[in-house]
Each structure stands twice: as structure tokens, then as C-alpha cells.
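Structure record follows, encoded as C-alpha cells.
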2 protein chains.
Amino acid sequence: MNKSIYDQYQENKRFVAVDCVIFGYEEEQLKLLVFERDIEPAKGEWSLLGGWVNVNESTEAAARRVLHKLTGLDDVYLEQVHTFSDPNRDPGGSVITVEYYALIKIDDKAANLIKDYGAKWFTIAALPKLIFDHDILVQKALEKLRLRSSYEIIGRKLLPEKFTITRLRNLYDQIFQRQFDPGNFRKKILSLKVLERLEEKDMSESRKGAFYFKFKPKQEGEFSDPIFKRSI
Amino acid sequence: MNKSIYDQYQENKRFVAVDCVIFGYEEEQLKLLVFERDIEPAKGEWSLLGGWVNVNESTEAAARRVLHKLTGLDDVYLEQVHTFSDPNRDPGGSVITVEYYALIKIDDKAANLIKDYGAKWFTIAALPKLIFDHDILVQKALEKLRLRSSYEIIGRKLLPEKFTITRLRNLYDQIFQRQFDPGNFRKKILSLKVLERLEEKDMSESRKGAFYFKFKPKQEGEFSDPIFKRSI
DNA sequence: TATTTTACTTTTATAATTCAATTAAAACAA
DNA sequence: TTGTTTTAATTGAATTATAAAAGTAAAATA
């Protein structure tokens with residue numbers, strides 16, 4: 001096969017990396033996992049989880065690889081967000097980065113591994129300044145997460161097996177940074193018929209107790225319309 | 001500055017390309033511009049407009065460069081769609097491609113240039129088989145275009161200066177591949193107050209004639225809610 | 001047994017959407 | 001002139017969705 005046109009561009013090959021915005025949900029707060037960078041430039045500053053993409057690897061595989069190394073998990077929910085390619089975005093070199101966001105359960109056994117890597121969970125409000133263009137990456141990931149959350153009920157990957165509607169609503173409050181009306185939220189969610197009510201109640205939040213729910217097995221192409229009119 | 005960690009990855013640098021899905025609107029049809037490929041592999045087959053990304057160039061700049069070369073236009077509307085990175089997607093080599101879609105007016109003087117490049121407009125229904133994963137790229141671009149079109153009134157870049165509501169509705173019919181109700185569509189569009197009615201009428205389509213409209217100057221952050229409930 | 005607390009339900013008003021029917025304007029033909 | 005035709009443009013009634021608030025329920029506790 002004639003590869004001449006490809007060979008001509010050898011000198012134009014680029015560094016390609018992935019960056020992951022890792023979301024978790026804990027203590028009624030949407031949180032983000034960030035890292036103290038251990039290489040120059042910007043050593044010691046806060047950064048997203050990143051890594052190089054190898055030659056014979058897709059960017060998604062690379063993202064799964066670095067996430068697995070960090071957390072030990074291999075069934076992480078991943079969604080591609082955007083690709084950033086300004087040649088000056090990284091002072092260390094001209095690096096193209098493909099951004100993903102990941103959803104993980106904070107209560108996982110991953111906790112120890114994460115600590116070893118100098119990583120820390122922050123709420124969105126308390127997030128420190130990140131290196132390079134990573135603040136923009138976080139904004140983009142949030143927008144994408146909001147978009148996703150307004151077309152399907154997110155939470156399978158963020159909530160524990162069983163949870164109350166109030167807890168799910170709180171997650172949505174966090175994602176969209178606004179208060180959803182309890183009555184209307186409940187009505188809407190239940191009308192979608194993706195949740196199944198358990199007989200058990202959570203008695204920790206109120207005298208009356210709140211029923212636990214769990215997700216029904218996922219059905220493909222469940223909805224195609226936005227769930228909430230004013231969510232985005 | 002210590003670049004050792006970067007230098008270590010020199011041998012992992014990747015070919016990076018852009019591919020453009022070019023949409024146009026002509027004779028009440030949404031069309032797509034595709035090319036007869038003039039290099040191996042897959043020479044002679046139909047393909048999207050692509051090009052290499054240079055070392056000191058962002059992917060968007062590269063997309064604008066190849067679009068300019070093709071059409072002579074430099075105010076094309078561009079939106080990033082997705083990045084494809086499967087190492088086996090291109091039989092010529094392991095190429096990562098960043099996909100954009102572009103909206104251009106077919107009636108432009110670009111027509112001649114386009115012809116010189118062996119390019120041809122096809123309706124979506126009549127699109128031939130494309131090389132590699134380009135059929136998937138087209139689907140992705142359509143989805144993104146639909147998403148965009150359901151959050152703002154698209155058409156500034158596809159319709160001529162003045163147009164009738166019926167023509168705008170037809171464009172939406174094409175994008176979403178369904179029939180919008182004429183009365184409801186008109187009511188909705190006008191309620192958004194982004195169009196201005198001209199005194200002139202288009203008499204070519206009916207006895208009564210239909211008023212021409214034009215877009216008001218664009219205002220930032222115009223909408224944040226989906227325009228159509230059942231569009232996607 | 002009354003109080004407190006939060007889950008959960010219901011109500012009501014308002015707004016948006018759909019679908020069908022109607023009206024309007026102008027060209028054209030008898 | 002007058003009726004017919006064609007498509008634009010408007011209207012209205014029925015339905016559905018949304019927002020906000022008020023009310024009810026259950027169980028622990030004082």
C-alpha cells in the first residue's frame with residue numbers, strides 16, 4: 001500500500017493526551033476529583049487526571065486505562081466531551097487533549113488507591129484553580145453532564161443501589177445548581193417508569209421515613225425528549 | 001523547562017486530521033458535500049473533506065484552512081462534533097480525526113471552486129457509501145446539527161438573506177426528517193422574536209404570496225430551553 | 001397524647017401544545 | 001365581473017404540561 005502521503009506528514013505528528021473530569025456524589029454534594037500534578041511544568045498545582053494516548057490505542061481506551069490505574073474500576077461510565085488543540089494550551093509542548101467525563105461512586109473501594117495518587121474530592125463551589133485550560137474543561141464537562149441529565153435520568157452510576165427520591169432530586173439540584181420542586185420532580189420521575197419502589201424505607205432523614213427506590217434494568221432508547229423544560 | 005516526560009513520548013506521537021461534514025440547503029433539500037478521494041488508500045471512493053492538522057495549528061484552524069481552500073469562504077459556521085481515534089479506523093495509518101460540521105450557502109460563488117475539487121452535493125437520502133467510518137461521522141454530525149437546531153433557530157448560515165417562514169419550516173422538516181405543523185411552527189418561531197418581517201412578498205409559491213422575513217442581529221445567550229418539545 | 005419533622009400527595013391556576021378548522025389574498029379562468 | 005383555486009396565515013377548542021402552594025401521612029419524641 002502506498003503510504004507516501006502519510007509519511008510526508010511524519011514530522012507533523014502530534015502529542016495526544018486524554019483528560020478526565022471525574023464526578024462523584026457524596027454527602028448530598030456533587031464532587032470532582034482533582035490531582036496534585038507531579039511533573040513539570042506546573043508541578044504541585046491542581047489538575048485533572050490526564051495521560052498520554054498510545055499509538056495503538058483509542059482515546060477512550062486510554063481514558064479507561066488511566067481511570068483503572070487510579071481507581072481499580074473498569075466499568076466506569078465515560079462520555080467524550082470535547083477536544084482541545086490550541087498549540088499553546090500546554091506550556092510543556094503542543095498537546096492535543098481529548099476530554100472525557102466519568103461518573104463513579106465515591107463509596108467504592110477505590111478510596112485508598114485514590115488517596116495514594118494525591119487526589120482529592122472537591123465540591124464544584126470549592127474547586128481550586130486548575131492548571132492550563134482545565135477550568136474550561138470542567139465547565140464543558142458540566143454542560144455535557146447537564147445535557148445528558150436532561151435527556152435521561154442519570155444516577156445509575158452515581159447513586160448507590162437503593163436511594164430515595166429526595167436523594168435523586170438532590171443530585172439533580174446539584175447538577176443544575178437550582179432547586180427542583182419536590183412534588184413536581186417526584187411526579188415527573190415516577191411518570192417515566194424507570195424506577196422501582198422497594199418495600200424498605202430510609203428512616204435516617206425523617207420520622208415518616210422515605211421509600212427506597214432502585215433503577216429498573218436499562219432499556220435502550222428510553223426517551224428522546226427532554227425530561228425537564230427548564231433544566232438547561 | 002524540563003520536558004523529559006514529554007520527550008519520552010516522542011515515539012507515541014500521532015497523526016491528527018480533521019474531517020468536515022459540510023451541510024448546504026438548496027431546492028428545499030438539505031444536502032451534504034462529499035469528495036472523490038484522490039489519494040490511496042481508497043482512491044476514487046467518496047469521502048468527507050479532510051486534511052492534516054499541522055503542528056502549530058489548532059484543529060479548528062485546520063478545518064477553516066481546508067474549508068477556505070475548497071470554497072474560498074472564511075466566515076463558515078463550524079461546530080466540533082466528535083473525535084474518532086480507533087487505531088484501525090484508517091487503513092493507511094493510525095490517524096486520530098477531529099470532526100466538525102460546517103454550514104454554507106450553496107448559492108455562493110464557491111460553486112466553481114468546489115467543482116474543481118471533484119466535490120458533489122448529495123441529499124441525505126441519496127448519499128453514497130463513504131470510506132472508512134465516514135458514514136458514522138455523518139450520523140454524528142446530523143445528531144449534533146439537530147441538537148443545535150433545537151436550541152436555537154438555525155438558518156442564518158443556510159438560508160439566503162430573506163426567506164419565508166414556509167422555507168424555514170421546510171429546512172427544519174429536512175433536518176429532523178419529519179413534518180412540522182405549519183400553524184404551530186409559525187406561532188413558535190414568531191414568539192421567539194428573532195425574525196423581522198419585511199414588506200416584500202414571495203409570490204412564486206402561491207397566489208396569496210408569503211411575506212419574506214430576515215434574521216434580526218444575533219443576540220448572545222438568546223435561548224437556553226429547547227425550542228421544540230418533540231424535535232429530537 | 002400533642003408536637004415535630006420530613007415524606008408524600010393533591011389541588012389549583014396558568015401556560016404550552018396539538019390538531020383541525022377557518023379566513024385571507026391574489027391569480028386566473030369563465 | 002365573479003367564482004374557483006391555491007397556499008399563506010390565523011383562530012379556537014381540547015388536551016397536556018408546569019409551577020407553586022397547601023394539605024395529608026407516618027412515626028419518633030417530649
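The sequence lines fix the lettering, A, B, ..., with proteins before strands; numbering per chain opens at 1.
- Between B:Arg197 atom CZ and D:dA8 atom P there is a gap of 15 Å when expressed in whole angstrom units.
- If you measure from atom CG of A:Leu192 to atom P of D:dA17, you get 11 Å, rounded to the nearest angstrom.
- Of the listed nucleotides (D:dT7, C:dT11, C:dA7), C:dA7 has the atom at the smallest distance from the side chain of A:Ala210.
- In this model, a side-chain donor or acceptor of A:Lys208 finds a partner on the base of C:dA7 within 3.5 Å.
- B:Thr97 and B:Asp19 share a side-chain donor-acceptor pair at under 3.5 Å.
- Summary of the strand contacts: B:Met203 and B:Gly183 both lie near DNA chain C, and taking for each the nucleotide with the nearest heavy atom, the more 5' one is attributed to B:Gly183.
- A:Asp181 has its CG atom 10 Å from the C1' atom of D:dT18, to the nearest Å.
- Looking at A:Arg64 and A:Asp74, no side-chain N of the basic residue comes within less than 4.0 Å of a carboxylate O on the acidic one, giving no salt bridge.
- If you find the closest nucleotide of DNA chain C to A:Phe213 and to B:Gly209, the one lying nearer the 5' end belongs to A:Phe213.
- Side chain of B:Arg167 to main chain of B:Tyr212: no donor-acceptor pair is present (N/O by atom type, distance under 3.5 Å, no hydrogens or angles).
- Ion pair A:Glu79/A:Arg148 flagged as a salt bridge, since at least one NZ, NE, NH1 or NH2 atom sits closer than 4.0 Å to an Asp/Glu carboxylate oxygen.
- Within the structure, every side-chain polar atom (N or O) of A:Arg207 is placed at least 4.0 Å from both OP1 and OP2 of D:dA26.
- For the OP1/OP2 pair of C:dT9 and a distance below 4.0 Å, the side-chain nitrogens and oxygens of A:Arg186 include at least one atom meeting the criterion.
- B:Thr164 comes within 4.0 angstrom of no nucleic acid atom, judged by non-hydrogen atoms across all strands.
- Proximity note for A:Lys187 (side chain, C-beta onward) versus C:dC8, C:dA7, D:dA19: the nearest is D:dA19.
- Comparing D:dA8, C:dC19, D:dA20 by their closest approach to the side chain of B:Asn184 singles out C:dC19.
- Using a 4.0 Å cut-off, no side-chain N or O of B:Lys201 falls inside it from OP1 or OP2 of D:dA8.
- Contact check for A:Ile96 versus B:Ile96: no side-chain heavy atoms found under the 4.5 Å cut-off.
- Rounded to whole angstrom, the span from the CD atom of A:Glu205 across to the C1' atom of D:dA28 amounts to 15 Å.
- Taking side-chain N and O atoms only, B:Ser206 has no distance below 4.0 Å to OP1 or OP2 of D:dA8.
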